[in-house]
Amino acid sequence: MNLDLTGRNALVCGSTQGIGKAVAMELAKMGASITLLARNEEKLISVKHELDVSKNQKHKFICVDFTNPELLKQKTAKLIGEGELIHILINNTGGPAGGPALNARPEEFIQTFSNHLICNHILMQALVEGMKQASYGRIINIISTSVKQPIKGLGVSNTIRGAVANWAKTLSTELAPFGITVNNVLPGATYTQRITSLLEAKSQKTGQSVDDLKKEMLNEIPAARFAEASEIASAVAFLASPAAAYINGINLPVDGGRTQSL
């Protein structure tokens, strides 16, 4: 099975912590040169120094906040203008605060739509011509199992994640003739700062202890544990590899069996 990414370049969003960092680390181990993208320059520098360079990779980073799509467009254009050809795009953005859809302010939907779908689209449009030239492209969106089964208490996230999934499915049919695949990885409950924040917020609202809330979540997971970020990264890395060339337009849950729909 060909999992070698030597000579390939990957841009990984949200790559200073959690799943994004784990993905960047895994792709580098497979030989890819990584362009990290996140909003904290100090963390970007730190992660860059952690990446594997055993195959003479050259890693770099872009420091930008997704609340500023125009600046994202400018910085990505600069990267391409410098001659960088990106073969692999990993779209990964932290989710919005929890809460029922009923109580969400319209501004929350608008900002989340911009952070996720609009910024994903900006990056895709900037990088896709290079993928076409190389006849090799992988666009992988790290979303949520909520695109198959909405998660209670995550109204804004459920709505926007679904939009991203349909955007990706549409692109998958348009880009397939060029050797470019578009797939979504749907993490279940994963032990990251995101899950900790959601549990703490729910604890404050309900008065339940964080430990009790954890137990409730674990009772819904057949594997009876949270995922490690590295386990999500393994699925992403496979889809990014040459071995996954004929896998296109799918939603892949990595959730220990929690999602009940097919």
Side-chain angles (χ1 to χ4, degrees), residues 12-24 36-40 43 64-69 72 89-124 139-168 183-206 210 213-214 216-217 220-221 226-229 231-233 235-236 251-256 258-259:
V12 184
C13 300
S15 44
T16 56
Q17 61 186 6
I19 293 171
K21 179 180 177 181
V23 169
L36 304 165
L37 191 153
R39 61 189 177 185
N40 186 307
K43 290 183 179 180
V64 66
D65 193 320
F66 273 19
T67 59
N68 191 339
L72 173 66
L89 169 61
I90 309 298
N91 286 314
N92 172 55
T93 308
L102 182 66
N103 298 337
R105 293 175 291 107
E107 293 80 8
E108 293 179 73
F109 287 102
I110 293 168
Q111 186 61 64
T112 305
F113 186 82
S114 177
N115 288 357
H116 290 256
L117 197 145
I118 298 302
C119 287
N120 288 2
H121 194 69
I122 287 170
L123 290 168
M124 179 278 298
I139 299 172
I140 302 167
N141 309 295
I142 300 173
I143 317 181
S144 167
T145 56
S146 66
V147 306
K148 284 180 168 284
Q149 182 176 313
I151 298 171
K152 186 177 180 180
L154 293 179
V156 175
S157 180
N158 292 343
T159 304
I160 303 305
R161 303 290 196 184
V164 172
N166 279 283
W167 168 82
N183 291 297
N184 303 318
V185 170
L186 316 181
T190 307
Y191 198 72
T192 63
Q193 183 58 44
R194 167 71 170 166
I195 198 75
T196 301
S197 297
L198 288 172
L199 286 168
E200 289 175 350
K202 188 172 182 179
S203 176
Q204 291 177 3
K205 287 182 179 179
T206 64
V210 170
L213 291 169
K214 279 184 181 179
E216 286 182 8
M217 290 187 72
E220 297 176 359
I221 303 171
F226 292 149
E228 296 292 334
E231 293 176 302
I232 311 302
V236 174
N251 290 314
L252 175 63
V254 186
D255 65 351
R258 179 182 180 183
T259 303

Glu107: which residues meet the side chain to side chain contact (heavy atoms under 4.5 Å, CB included) condition with it, sequence neighbours left out?
Arg105

Residues in side chain to side chain donor-acceptor pair (under 3.5 Å) contact with Glu220, at least two apart in sequence or another chain:
Arg258

Taken to the nearest 0.5 Å, the spacing of His116 NE2 from Asn91 CG works out to 10.5 Å

Given the rule in the side-chain contact (heavy atoms from CB on, under 4.5 Å) test, do Asp255 and Ile221 qualify, once you have shown the distances and angles that lead to the verdict?
CA-CA 8 Å; Asp255 65 351; Ile221 303 171; over 6 Å; no

So do Arg194 and Ile19 actually touch side chain to side chain, heavy atoms under 4.5 Å?
no

Measure from the side-chain N and O atoms of Asn158 to the backbone N and O of Ile151, and report whether any donor-acceptor pair falls under 3.5 Å.
yes

Please identify each residue that fulfils side chain to side chain contact (heavy atoms under 4.5 Å, CB included) with Pro100, with sequence neighbours left out.
Asn103

Can you name the residues that form a side chain to side chain contact (heavy atoms under 4.5 Å, CB included) with Lys148, not counting sequence neighbours?
Leu186, Asn251, Pro253, Thr259, Ser261

For Glu200, the side chain to side chain donor-acceptor pair (under 3.5 Å) test, sequence neighbours excluded, returns none

Stepwise side-chain contact (heavy atoms from CB on, under 4.5 Å) check, Val12 with Asn92:
CA-CA 7 Å; Val12 184; Asn92 172 55; 5.8 Å; no

In chain order, what residues pass the side chain to side chain contact (heavy atoms under 4.5 Å, CB included) check against Ser197, with sequence neighbours excluded?
Gln193

Please collect all side chain to side chain donor-acceptor pair (under 3.5 Å) contacts where either partner lies in residues 13-24, sequence neighbours excluded, each pair once.
Lys21-Glu50

Return the minimal non-hydrogen interatomic distance between Thr192 and Gly18, and the atom names on each side.
CG2-CA, 4.1 Å

Expected output: side-chain Gln204 to main-chain Ala201 donor-acceptor under 3.5 Å:
no

Name the orientation class of the two ring planes belonging to His121 and Trp167 (parallel below 30°, tilted from 30 to 60°, perpendicular beyond 60°).
perpendicular

Thr206 meets the side chain to side chain donor-acceptor pair (under 3.5 Å) criterion, sequence neighbours left out, with none

For Gln111, give me all partners under side chain to side chain donor-acceptor pair (under 3.5 Å), at least two apart in sequence or on another chain.
Asn115

